[in-house]
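As a basis for the values below, the full set of heavy atoms in this structure was taken, side chains included, without hydrogen atoms, waters or symmetry mates.
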Amino acid sequence: MFHKTIILSLGIFALTGCNAQKKAKADTKKSIDMSQSTKKGNLPDQKDSIIYFNEGENKFLRQYQMNVTFKGISEDNRCPEGVNCIMAGAAIAQIEVMGTSTRPTILSLASTDYPGRDYRQSANFNGYTIVLQEVTPYPKSEEGAKALNGKYKIGITIKKAQ
């Protein structure tokens, strides 16, 4: 009976030690991620820097007093990598913006301006110009754009409208 108690207590100590190590690893990983995003200039408080969003991500940008949500990509007809196309195509990002005193508005921003199809890379909202700078990842010829649903990441810039 005494042996069972000792083995049980050693097992409990081992398990609690493992849990503490997992928490320490997670904390250091978060601090590394934060320091890397600071180096890349992803902070929304920096003027003219690119602000990155994962699909479905929402951020309140205090400097601009607006809430921005990347809803998703509604259309991605960019020419896949490794394929020769007549036209480069464009990706259309659905971005919901809402000021502190405005109703939510969905902006459709394209990866390139294409007036023939009414694609715009920028839009004005609440005294600011929002420009779509990046859409990643690029479609592959084997998988196509449908395989990228939920994996998109965009970069936008926000400047005071002139």
Check: K59 side chain, Y52 main-chain N or O, donor-acceptor pair, under 3.5 Å: yes
Could you tell me if the side chain of I130 sits less than 4.5 Å from the side chain of M66, heavy atoms only? yes
Give the minimum heavy-atom separation between T129 and S122, together with the two atoms involved. CG2-CB, 4.1 Å
When you measure from the side chain of N77 to the backbone of G89, do you find a donor-acceptor pair of N or O atoms at a distance under 3.5 Å? no
Would you say that K160 contacts Y128 through its side chain, given a criterion of any heavy-atom pair below 4.5 Å between the two side chains? yes
Full working for side-chain hydrogen bond (donor to acceptor under 3.5 Å, both in side chains) between Y114 and Q121: CA-CA 8 Å; Y114 187 55; Q121 194 173 2; over 6 Å; no
Between G72 and E55, which heavy-atom pair has the shortest distance, and what is it? CA-OE2, 3.6 Å
Could you tell me which non-hydrogen atom of F53 sits nearest to which non-hydrogen atom of I156, and how far apart they are? CE1-CD1, 3.6 Å
With a 4.5 Å limit on heavy-atom distance, are the side chains of R78 and S111 in contact? yes
Considering all heavy atoms of both residues, which atom of A90 and which atom of Y119 are nearest to each other, and what is their separation? CB-CD1, 3.9 Å
Find out whether N54 and I154 are in side-chain contact, i.e. whether some heavy atom of one side chain is under 4.5 Å from a heavy atom of the other. no
Is there a side-chain contact between D113 and R120 in this structure, where contact means two heavy atoms from C-beta onward sitting under 4.5 Å apart? yes
Do the non-hydrogen side-chain atoms of N67 and V97 ever get within less than 4.5 Å of each other? no
Using distance alone, with no hydrogens and no angle criterion, decide if N126 and T102 have a side-chain donor and acceptor under 3.5 Å apart. no
For residues G99 and F125, report the shortest heavy-atom separation together with the two atoms involved. N-CZ, 3.5 Å
Say whether I92 and I73 are linked into one hydrophobic cluster, either directly or through other cluster members, by side-chain heavy-atom distances under 4.5 angstrom. no
Nearest heavy-atom approach of Y152 to F70 is O-CE2, 3.8 Å
Output the distance between atom CD (Q133) and atom OG1 (T157), rounded to the nearest 0.5 Å. 4.0 Å
Begin with the C-alpha distance, continue with both residues' side-chain angles, and end with the deciding distance and a verdict on side chain to side chain contact (heavy atoms under 4.5 Å, CB included) for M87 and C79. CA-CA 7 Å; M87 197 173 89; C79 186; over 6 Å; no
Do NZ/NE/NH1/NH2 and the carboxylate oxygens of K71 and E57 come within less than 4.0 Å? no
Hey, quick one: are L61 and L109 part of the same hydrophobic cluster, counting side-chain heavy atoms closer than 4.5 Å, chains of contacts allowed? yes
